[in-house]
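Computation of the quantities below employed the complete heavy-atom set of this structure, encompassing side-chain atoms and omitting hydrogens, waters and symmetry-equivalent molecules.
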Amino acid sequence: MNKDIQKFKKGIEYPERQNGIPQAFFHNPKYKKLSTDARYLYMIFTLKMTKSPNNGWVDSDGNMYIIYPDKDLMDV
C-alpha cells in the first residue's frame with residue numbers, strides 16, 4: 001500500500017467536504033494536467049466519503065472508505 005496517500009479519518013473535518021474539490025486542483029502546478037473528469041471523480045468520491053461514518057464504512061484504524069460499484073460509477 002502506498003504510504004503517501006492521504007487517508008480520510010473519521011471525526012476530522014476536511015475542506016473538500018464543503019464542495020468536494022481541493023483548492024490545490026486550481027492553484028498547485030502539480031495538478032495542472034489533471035483532467036476535468038479526474039477532478040469530477042475525486043469530487044464524487046469525496047462527497048460520498050462524508051456518508052461513510054453513517055454507513056459504517058470505517059476500518060479499525062478509523063480510516064473511512066467508500067463502496068461504489070463500477071456500474072453506478074458508469075451511470076454518473
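M49 approaches Y65 most closely through the heavy-atom pair SD-N, 3.9 Å. Of all the heavy atoms in A24 and Y31, the pair that sits closest is O-CD1, 3.5 Å.
Although no hydrogens or angles enter the test, the distance criterion places a donor-acceptor pair under 3.5 Å between the side chain of T50 and the main chain of L47.
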Side chain to side chain contact (heavy atoms under 4.5 Å, CB included) between L41 and L73, worked out: CA-CA 9 Å; L41 183 61; L73 187 57; 3.3 Å; yes

CA sep, side-chain torsions, deciding dist, call: Y42, F25, ring pair (Phe, Tyr, Trp, His ring centres under 6.0 Å): CA-CA 10 Å; Y42 183 92; F25 280 0; 5.2 Å; yes

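Listed by first and then second residue, the salt bridge (Lys or Arg N to Asp or Glu O under 4.0 Å) pairs involving residues 62-76 are K71-D75 (not counting sequence neighbours).
Between W57 and M64, the closest side-chain pair of non-hydrogen atoms is not below 4.5 Å.
Both cation-pi conditions hold for R39 and F26: the charged atom is under 6.0 angstrom from the six-membered ring centre and inside a 45 degree cone around its axis.
Here Y40 pairs with nothing under the ring pair (Phe, Tyr, Trp, His ring centres under 6.0 Å) rule; sequence neighbours left out. Under the side chain to side chain donor-acceptor pair (under 3.5 Å) criterion, D59 pairs with N63, sequence neighbours left out.
Separating the CD1 atom in I66 from the NZ atom in K51 is a distance of 11.0 Å, to the nearest 0.5 Å.
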